[in-house]
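What follows is a set of notes on a single structure, which appears directly below.
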Amino acid sequence: MTKEVRVRFAPSPTGALHIGGVRTALYNYLFAKKQGGQFLLRIEDTDQTRFVPGAEEYIKEALEWIGIVPDESPWKEGPHGPYRQSERKPLYMDYAMDLVEKGFAYYAFDTSEELDAMRERLTAARVVSPQYNSITRTQMKNSLTLPEDEVKERLASGEPHVIRLKVPRKEEIRLNDMIRGWVMVHSNTLDDKVLMKSDGMPTYHLANIVDDHLMGITHVIRGEEWLPSAPIHVLLYRYLGWEDTMPEFAHLPLLLKPDGNGKLSKRDADKNGFPIFPMNWKDPRTEDFSQGFKDAGYLPDAFINFLAFLGWNPGDNREIFSLPELIQAFSVERIGKSGTKFDINKAKWFNEQYLKAKSNEELAAYLNADLKSEGITIEEGKAEQIVAIMKERATFPSDLWKEGRFLLIAPDQFDEKVSSKKWTADAVKVLTTYKAKLESLDAILEPVNAKALLEEAAAENEIKLGKVMPAVRLAVTGAGAGPDLISIFMIIGKDELIKRIDFALNTLEVIES
RNA sequence: GGUCCGUUCGUCUAGGGGUUAGGACGUAUCCCUUUCACGGAUGAAACACGGGUUCGAUUCCCGUACGGACUACCA
């Protein structure tokens, strides 16, 4: 029996959760649940300068919206808390000191100006990649070059300093990525990463290793952008003495721009008019507002189904998967290697599928909510009727009202393109007759008699019904296309039907034929 | 520039030494529908290129091209 799977999603609260981040969270969750393991949320807020108010809550709510609730998080403490790195601050220095004592890390006192100067010097000397490494560190101000006394003195006087990892000069570092297989990097291409910043906070590199170890993380599933620094992480596990419990890594392919190339950005989303954040977000600094998938009308199930298929597939032709079905079908082996271009059309298609699958009762709730905000009240059961004929042509719940508005509000104008071609003298004759027949109808209007009366009206005028149907639709709905007419008659009822025909007859000008 | 990762229809992808290279979105045509949509049918549409290995490569290997990520006291 192998140990229980524990994975984490570790976002920074620097703004709204990007759709790529949501996918990473989803894959972590699916993997954990498939294995019967735990999914935790850890807030990586070690960069105090980038903290954005509200971002944490946003992350929490976004995950709740898509239905993935962490087993452990800042809001649901487990045995390995706290789950916010800023609250774990006292922990990290011990590990950094351990590395310094073992000779795997060192103090560095260089100012940012000195670092810039070093990079400029190297660039001028045509060094291919200027970095703080086994060669350049010999010329910088650190505990490797400074006399021991001076180092102690500087430390004692509280001089700002960082702790850097002492990357070995010549070593091959390998890691076995679950998605990409063996990846090998030479240590001479790595630089001496800062582990502890001068403000006393750890960098991502140190914090994520310490926390993952302490939290018993077994698998690290994260974006491909971390692959280049993964060898640093392997080194840290080794130097900290944790190599035998090092988690397995899986680096996910990136989400790319829909057109052209490059990483998907908010800019692309804005340009193409689709959301990139799960929910509405207003940047507290720029006041910039972005509509989220939720608020654009995407159903959470459709959203995660769509997201899951951006880089993963079940290996067969099925496409519609509920969250439990995704868990059941998920496997890391079936995650693709290459970047995925973002296609909003597919997202819309998924939404339509889920929308159509919903019961009339559920959909009526959406319609009723829209009606309520418009201040419109309708009789019991009417919303269900409307939704039944409208849902086949809706992408979002809001379309139910947007497209079905004419069912509750009589048209005050008519589609010019249709009236100019179809509002013929014949149409007027048939509608006039039909109106009279409706007025003298004693029985309740039903599909059969509504249809029969219309046919009679046409026959009595010796006109083919098909020729005037577009005009009938125009009179009743104001448009040239829409749901089945008889169904519409049933929803608006006899009195309203008569009123609308009457209004059209009095409003529209007959065209010459 | 350097390091690493990648490359099958427009897009998401299946497949994998011998296939008519499969599905989905989108698209085109047709059917259904006195309209539109839904649904159904059909079509167009892909293995980046060059070398190897092999009887045979889209599939394996090596290059090239192209794309991407990374290259901070950011994550």
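Here is the naming used below: chain letters follow the sequence lines, and residue numbers restart at 1 for every chain. None of the values given here were measured: they were computed from a predicted structure.
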For this session: Residues of residues 107-115 of chain A with any non-hydrogen atom less than 4.0 angstrom from an atom of RNA chain B: list those, numerically ordered, please.
Result: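 Within this stretch, A:Asp110, A:Leu115 sit under 4.0 Å of the strand.
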Please measure how far the [atom1] atom in [N] lies from the corresponding atom in [M], and state the result in whole Å.
{"N": "B:U54", "M": "B:C49", "atom1": "P", "answer": "23 Å"}
{"N": "B:A45", "M": "B:G10", "atom1": "P", "answer": "10 Å"}
{"N": "B:U11", "M": "B:C5", "atom1": "P", "answer": "24 Å"}
{"N": "B:U8", "M": "B:C4", "atom1": "P", "answer": "22 Å"}
{"N": "B:U42", "M": "B:G51", "atom1": "C1'", "answer": "41 Å"}
{"N": "B:C47", "M": "B:C66", "atom1": "C1'", "answer": "16 Å"}
{"N": "B:U19", "M": "B:A57", "atom1": "C1'", "answer": "13 Å"}
{"N": "B:U27", "M": "B:C38", "atom1": "P", "answer": "10 Å"}

Using side-chain heavy atoms (C-beta onward) and a distance below 4.5 Å, is [X] in contact with [Y]?
{"X": "A:Leu41", "Y": "A:Leu63", "result": "yes"}
{"X": "A:Leu474", "Y": "A:Leu508", "result": "yes"}
{"X": "A:Met469", "Y": "A:Leu485", "result": "yes"}

Neighbour count above 12 (heavy atom, 6.0 Å) for [X] [atom1]:
{"X": "A:Glu172", "atom1": "CD", "value": "yes"}
{"X": "A:Lys464", "atom1": "NZ", "value": "no"}
{"X": "A:Glu462", "atom1": "CD", "value": "no"}
{"X": "A:Lys437", "atom1": "NZ", "value": "yes"}

For a quick check of understanding: with a heavy-atom distance under 4.0 Å over all strands, which category does [X] fall into, base, sugar-phosphate or nothing?
{"X": "A:Arg164", "answer": "sugar-phosphate"}
{"X": "A:Lys391", "answer": "nothing"}
{"X": "A:Arg119", "answer": "sugar-phosphate"}
{"X": "A:Pro130", "answer": "nothing"}
{"X": "A:Thr46", "answer": "sugar-phosphate"}
{"X": "A:Asp316", "answer": "nothing"}
{"X": "A:Ser198", "answer": "base"}
{"X": "A:Arg50", "answer": "base"}
{"X": "A:Lys348", "answer": "nothing"}
{"X": "A:Met201", "answer": "nothing"}

Nearest-neighbour nucleotide for the [X] side chain, [options] considered:
{"X": "A:Leu465", "options": "B:C5, B:U11, B:U34", "answer": "B:U34"}
{"X": "A:Glu44", "options": "B:C38, B:C4, B:A75", "answer": "B:A75"}
{"X": "A:Glu224", "options": "B:C38, B:A14, B:G68", "answer": "B:G68"}
{"X": "A:Trp349", "options": "B:U13, B:C25, B:A75", "answer": "B:C25"}
{"X": "A:Lys337", "options": "B:G26, B:A75, B:G6", "answer": "B:G6"}
{"X": "A:Asp343", "options": "B:U11, B:G6, B:A24", "answer": "B:U11"}
{"X": "A:Glu319", "options": "B:A24, B:C74, B:U8", "answer": "B:A24"}
{"X": "A:Pro228", "options": "B:U3, B:C5, B:C70", "answer": "B:C70"}
{"X": "A:Asn317", "options": "B:C74, B:C25, B:G22", "answer": "B:G22"}
{"X": "A:Thr340", "options": "B:G6, B:U3, B:U13", "answer": "B:U13"}

Is [X] near enough to [N] that one of its side-chain N or O atoms lies under 4.0 angstrom from OP1 or OP2?
{"X": "A:Lys257", "N": "B:U11", "value": "no"}
{"X": "A:Ser229", "N": "B:U71", "value": "no"}
{"X": "A:Arg334", "N": "B:G15", "value": "yes"}
{"X": "A:Lys341", "N": "B:U11", "value": "yes"}
{"X": "A:Lys197", "N": "B:C74", "value": "yes"}

Write down the partner of [N] under the Watson-Crick or G-U wobble criteria, each distance required to be under 3.5 Å.
{"N": "B:C9", "answer": "none"}
{"N": "B:C4", "answer": "B:G68"}
{"N": "B:U34", "answer": "none"}
{"N": "B:C55", "answer": "B:G18"}
{"N": "B:U29", "answer": "B:A41"}
{"N": "B:A46", "answer": "none"}

Exercise. A:Trp226 vs A:His233 aromatic rings, parallel, tilted or perpendicular, using cut-offs 30° and 60°?
Worked result: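 Tilted, since the angle between the ring planes falls between 30° and 60°.
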Exercise. Between atom CD in A:Glu56 and atom P in B:A75, what is the gap in whole Å?
Worked result: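 Going from CD in A:Glu56 over to P in B:A75 covers 15 Å.
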Exercise. In whole angstrom, what separates A:Phe342's CZ from B:U13's P?
Worked result: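 Those two atoms, CZ and P, are 13 Å apart.
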For this session: Compute the ring centroids of A:Tyr106 and A:His161, then answer whether they are less than 6.0 Å apart.
Result: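 No: the rings miss the under 6.0 Å criterion.
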For this session: Report yes if the distance between the aromatic ring centroids of A:Tyr298 and A:Phe396 is under 6.0 Å, otherwise no.
Result: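 Ring-ring flag for A:Tyr298/A:Phe396: true, centres closer than 6.0 Å.
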For this session: Map A:Gly311 and A:Glu225 onto RNA chain B by nearest heavy atom, then report which one ends up closer to the 5' terminus.
Result: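 Result: A:Gly311.
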For this session: Let me know, please, whether A:Trp312 or A:Val183 comes out on the 5' side of the other along RNA chain B by nearest nucleotide.
Result: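 With A:Trp312 and A:Val183 compared, the 5'-side residue is A:Val183.
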For this session: Confirm from the modelled atom types if A:Lys346 and B:A24 form a donor-acceptor pair under 3.5 Å, side chain to base only.
Result: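 Yes, the side chain and the base share a sub-3.5 Å donor-acceptor pair.
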Exercise. Do any N or O atoms from the side chain of A:Asn305 and from the backbone of A:Phe321 form a donor-acceptor pair under 3.5 angstrom?
Worked result: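 Between the backbone of A:Phe321 and the side chain of A:Asn305 there is a qualifying donor-acceptor contact (under 3.5 Å).
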